[in-house]
Amino acid sequence: MTAERVHAPFGRRAATVLAREQHGAYVVVRCEDPAGPRPQAGQFYMLSAAERWGGGEDERPFLPRAFSVLRAPAAGRELHFLIEDVGPGTRRLCELAPGDQLQLVGPLGIGWAPPRRDRTPVLVGGGVGIAPLAILQDQLDKPHTTLLGFRDGAHAAGAALLRNARVATDDGSTGHSGLVTELLRETLREDSQVEVYACGPPAMLEAVRSLCERTGTPGQLALESGMACGFGACFGCVVATREGYVRLCVDGPVLDAARLSTALTPGAGH
Amino acid sequence: MTAERVHAPFGRRAATVLAREQHGAYVVVRCEDPAGPRPQAGQFYMLSAAERWGGGEDERPFLPRAFSVLRAPAAGRELHFLIEDVGPGTRRLCELAPGDQLQLVGPLGIGWAPPRRDRTPVLVGGGVGIAPLAILQDQLDKPHTTLLGFRDGAHAAGAALLRNARVATDDGSTGHSGLVTELLRETLREDSQVEVYACGPPAMLEAVRSLCERTGTPGQLALESGMACGFGACFGCVVATREGYVRLCVDGPVLDAARLSTALTPGAGH
Amino acid sequence: MSLTFCGIELRHPIINASGTFDAIAAQRAFGEQLTEHFPFSAFVSKTVTLEPRQGNPPPRLWELPGGLLNSIGLPNKGLAGYLREDLPKLAQLPVPLIVNVMGFSSEQVAELVQAFAPRDEVAALELNVSCPNVETGLIMGADPQELSRLLERVRPLTEKPLIVKLTPNVSDVAAVARAARDAGASALSLINTLRGMALDPDSGEPWLGGTTGGASGPAVRAIALAQVHAVREAVELPIIGMGGVQRGRHAADLIRAGADLVAVGTESFRDPAAGSRVAAELDRGLAPVRNWG
Amino acid sequence: MSLTFCGIELRHPIINASGTFDAIAAQRAFGEQLTEHFPFSAFVSKTVTLEPRQGNPPPRLWELPGGLLNSIGLPNKGLAGYLREDLPKLAQLPVPLIVNVMGFSSEQVAELVQAFAPRDEVAALELNVSCPNVETGLIMGADPQELSRLLERVRPLTEKPLIVKLTPNVSDVAAVARAARDAGASALSLINTLRGMALDPDSGEPWLGGTTGGASGPAVRAIALAQVHAVREAVELPIIGMGGVQRGRHAADLIRAGADLVAVGTESFRDPAAGSRVAAELDRGLAPVRNWG
Ligand SMILES: Cc1cc2nc3c(=O)[nH]c(=O)nc-3n(C[C@H](O)[C@H](O)[C@H](O)COP(=O)(O)OP(=O)(O)OC[C@H]3O[C@@H](n4cnc5c(N)ncnc54)[C@H](O)[C@@H]3O)c2cc1C
Ligand SMILES: Cc1cc2nc3c(=O)[nH]c(=O)nc-3n(C[C@H](O)[C@H](O)[C@H](O)COP(=O)(O)OP(=O)(O)OC[C@H]3O[C@@H](n4cnc5c(N)ncnc54)[C@H](O)[C@@H]3O)c2cc1C
Ligand SMILES: Cc1cc2nc3c(=O)[nH]c(=O)nc-3n(C[C@H](O)[C@H](O)[C@H](O)COP(=O)(O)O)c2cc1C
Ligand SMILES: Cc1cc2nc3c(=O)[nH]c(=O)nc-3n(C[C@H](O)[C@H](O)[C@H](O)COP(=O)(O)O)c2cc1C
Ligand code: FES
Ligand code: FES
């Protein structure tokens, strides 16, 4: 598993959409990125549609949008993204059809740190936050546990994108009825020699963070915040850490849980 | 032939695209307008795409765009528009596919006055300006002459939308090699009892106007100017007449040639 | 959902922005339907000046990203023409009439105010102060003292509500608002358009016949919101907020920031019935907070 | 295509707008390629203040129709931190360095100017005067007299070019420009962001941690063009024009309106290499007129 930030080629480049697959409430967009390197798991890309990026709700989108890479098969040049339609930018991306062009910048940010030798990785994902866990699974070469939480059955369809996942749904339609963090609590109770890799909505990440803190479990959290640029230019994406504000796009999006006193980042979206 | 301005239903309404046909350099968009009346020949509509109207060149379009109605078959609810891709608004409209939604306001403005009893109508069209002549042909119930001018063969393909047209092309690829106004001059020489219905680029309209003036021939000119609203709200679309500025959208777009001392309207586009 | 603004009873909080809806022309385009479905709860006329004006040479319009730059130049029939031809027609509208006036000196404004003062058809006057005073060279609405002097001259001339329409091209809109309040303004309206310019892509010369123009529409919405907020922090006068309103939520935002009424301008160009749509969306509670009624 | 600006030799007329490109962070993201393809002909630092600042609480960004509203709050390491950590790295860039500074009093600005005056790594200073003077409460760049006093204090402290970055939130930008010229500014840059605001769609409270923010991007381009034009009519100083530049034609428009250099800001967020793209488009003659070189 790559331990280091992979540099992005400088500038924005075009990538052709190869496929658009619906997975319940999510869309997977696969594209071909001939000019880019293979990303580190947990890194992200800034995406926009090459055509008609704008003219949606409130005359938006205008800026590119950040997306974790879902998968980047080592062979070939494909990049996969998992997208949930939550506003004008994601809506436009969800509409892309094979042959359409994306504009992308990336891979950006610092992804997951490789697992510690003496601990079992537990991957915890919530909603569209499962994306960076799929590529993590692909690159992890040791046994691990995967716990995924979703709102309902339509969203739980996303679980099929990962291997051997235990699923929880808020409405009980699939798997455990309740929060994924309940599954995590159970796992931590059974095995204290684990470490956590988590990505999901702020409330879930905060629950994970506080569980890690209370149990002394090492954890890495992939956070979200509103981003304009993705490469440290705008200073817009800061989250508060114990050392002060850090730019999530260059110092994250994966942060060591111990650096945070809360994962409840304002304006993160959802 | 309807002699009077047809009122538009108040407000903007949706119309479904039924077909998109390519005619050389032009696109014909047919839509179904169940809520609207049959327009007068020479009236126009303000059109926009219901989805993604924006995000093109320079983050435009934003305002709706004016289009003469090309055809409005008396039976049924269809409206046809002839569109030339010259910028972000027309580009978006040219992309519309069957099933897509248009937003429209119209019919607007004052169209062609019915022919005088004692004169033979001569229809003179240039480029995309042939559009309001097609519906005029449909509604004229007396013999008439149709003269159309185009840049080149790709544009001359538009001539097939009208009946019995003599065609001129700038590059000589189809029909008379030269300007359509040369054909008009010829016609005026052969028959002094004609009246002119003309629509086309400013330079063509100005040549027509000055021919009409010099030969004492009655003429109606369908002009263009940049429009924001189409219903007299913005005062943006004025053209200079002998009586001062008039709003083309409520006092035109068809103006009696005698009212103008020039048809060269600044900012008309093309 | 009815409310009172400066003593005027209104069906809902959405009116038109001056110069963005011509009810007489709209009647020509839409016929009787316009009166049946009149989109605004009051009608604000386009700016009336003392003398007739033909307005600026075309082109007068330039499309912006999410907005419009216009250089219309206040064409109008002049006071006499307005009183003779337009006022009788506008008095027939199913809603109260607010007349927007502008003068190039305080005497001119005084003359306009005096002319409308005795007219029962007129519910209120809106003073467009975004033009230079020919005597001082200063934009009347950009300088607190200049505006005070103007209002002191015209305030005594009428009992009607005087709405002062502020220009956004200022460094401190709150200071201007305070001056207007102190000199007797009944209400404030903002924002007028922001000064802008465009060049002809072919010639590189100014595109607009009037060289510069005013920007409006969604592109200026955030600026409008900030200015309404700043004025609300400064004064307690009723406020008509405007600038880029397209949907109920935008109106709700302006109300939340301090507006009592909201005017729809450029959006009417895209949708002639935008006023009713915005009012309905607002009423359906797209508004997180409803502080009217 | 090379040119000279205030005695500084530049490869092309496109530089970055302060605070919209962090060359050090970009090196972390893009590695060595950044230096190989550095997009700007000079690098302008983000605003440096005397003391370190952590900036405003998030959220700091709100997307506008064709633009961005930001409330970053000028986070920076402070003068000492900048000199120690950033300046040595920025001195390695392949282009001249312009340092943008801001103080909350003329004494603070003086201290900053004095600190950079002897630094050979620094080609010029840009003064960000869009903040209030804590002593007078006035925005330094919004009032001609305030600005004169500031420049009279700091102009003698350095031989380096002093570029004054004007705020667009004024009624008469030309008057401010004349004051800057008379007090010894070497060049002017404009526009900074326009004051704006957004509300949280869920809570109705101000979205930005800093309550209000500054609008930039295509939405403000027409306003930038009008202000550059107005300043060029008023003064002959070199001008750095900026505001919403996305393409060569937009840069050409600003140059046509009077700018000598053009800065790219928000567009770099959409395309990190926007600077080179704009420079190339400009050079390929999308420009109707090229009055540099
Ligand atoms: C590092 C990172 C990785 C991510 N990975 C993924 C991923 O793999 N898959 C995925 O689907 N998403 C991912 N996201 C989230 C994704 O970037 C957002 O969902 C997307 O930006 C939303 O854009 P939108 O236009 O669809 O919605 P927006 O309208 O931008 O809405 C999103 C939220 O922003 C706020 N908002 C509303 N209007 C505005 C406005 N005008 N300006 C600013 N904020 C506004 C609201 O809180 C809203 O809920 C990731 C984000 C980050 C930072
Ligand atoms: C009554 C009437 C009837 C019409 N009928 C037809 C018809 O039947 N078929 C048809 O194809 N067209 C018709 N037109 C013309 C059509 O409305 C225009 O071609 C269309 O508005 C162009 O929009 P656009 O976005 O594609 O191009 P734009 O980019 O708007 O370009 C059109 C022209 O506008 C200028 N321009 C460039 N940028 C801007 C800007 N930002 N703001 C303002 N102007 C700019 C330039 O001169 C350019 O050449 C008609 C116009 C009128 C007034
Ligand atoms: C085409 C046009 C014409 C206008 N004419 C006037 C006018 O005559 N008097 C006036 O006070 N404001 C005028 N305005 C300003 C509007 O009333 C309003 O203040 C501004 O457009 C902001 O609102 P909006 O963004 O909703 O359009 C005009 C605006 C436009 C776009
Ligand atoms: C996120 C952001 C941060 C900015 N920070 C600064 C700054 O620190 N100092 C400064 O003088 N201007 C700052 N600006 C203003 C820009 O330098 C520029 O004046 C403005 O954005 C207009 O240009 P644009 O439309 O190309 O972005 C900032 C702008 C943005 C968008
Ligand atoms: S998104 Fe711009 S600094 Fe992080
Ligand atoms: S297009 Fe608005 S008045 Fe004619």
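Numbered from 1 within each chain, the chains take letters A, B, ... in sequence-line order.
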With a 4.5 angstrom heavy-atom cut-off, is it the side chain or the backbone of A/V250 that approaches chain D, or both, or neither? both
Region of A/L63 that comes under 4.5 Å of a non-hydrogen atom in chain D: both
Quick one: does D/P58's side chain get under 4.5 Å of A/T265's, heavy atoms only? no
Does A/E51, at its CD atom, have more than 12 non-hydrogen atoms belonging to other residues, nucleotides or ligands within less than 6.0 Å? no
Side chain, backbone, both or neither: which part of D/N56 has a heavy atom under 4.5 Å from chain A? backbone
Report yes if the side chains of A/S48 and D/R270 come closer than 4.5 Å at any heavy-atom pair, otherwise no. no
Top contributor to chain D contacts, counting heavy-atom pairs under 4.5 Å, from A/G230, A/G106, A/G54, A/P9: A/P9
Does the side chain of A/H7 come within less than 4.5 Å of D/F30's, by heavy atoms? no
What do you reckon, are the aromatic ring centroids of D/F21 and A/F231 less than 6.0 Å apart? yes
Partner chain D: residue of A/A233, A/P64, A/G109 with the largest heavy-atom pair count (under 4.5 Å): A/A233
Need one label for D/D271: side chain, backbone, both or neither, based on atoms under 4.5 Å from any heavy atom in chain A. both
Residue pairs passing the salt bridge (Lys or Arg N to Asp or Glu O under 4.0 Å) test where at least one lies in residues 234-244 of chain A, sequence neighbours excluded: A/E213-A/R242, A/E243-A/R259
So for D/Q27, is it side chain, backbone, both, or neither that comes closer than 4.5 Å to the heavy atoms of chain A? backbone
Is it the side chain or the backbone of A/R247 that comes within 4.5 Å of chain D heavy atoms, both, or neither? side chain
Taking a cut-off of under 4.5 angstrom between non-hydrogen atoms, the residues of residues 61-68 of chain D near chain A are D/L61, D/E63, D/L64, D/P65, D/G66, D/G67, D/L68
Heavy-atom check, side chain of A/F235 versus side chain of D/K46, under 4.5 Å: yes
Taking side chain as C-beta onward, heavy atoms only, is D/R28 less than 4.5 Å from A/R5? yes
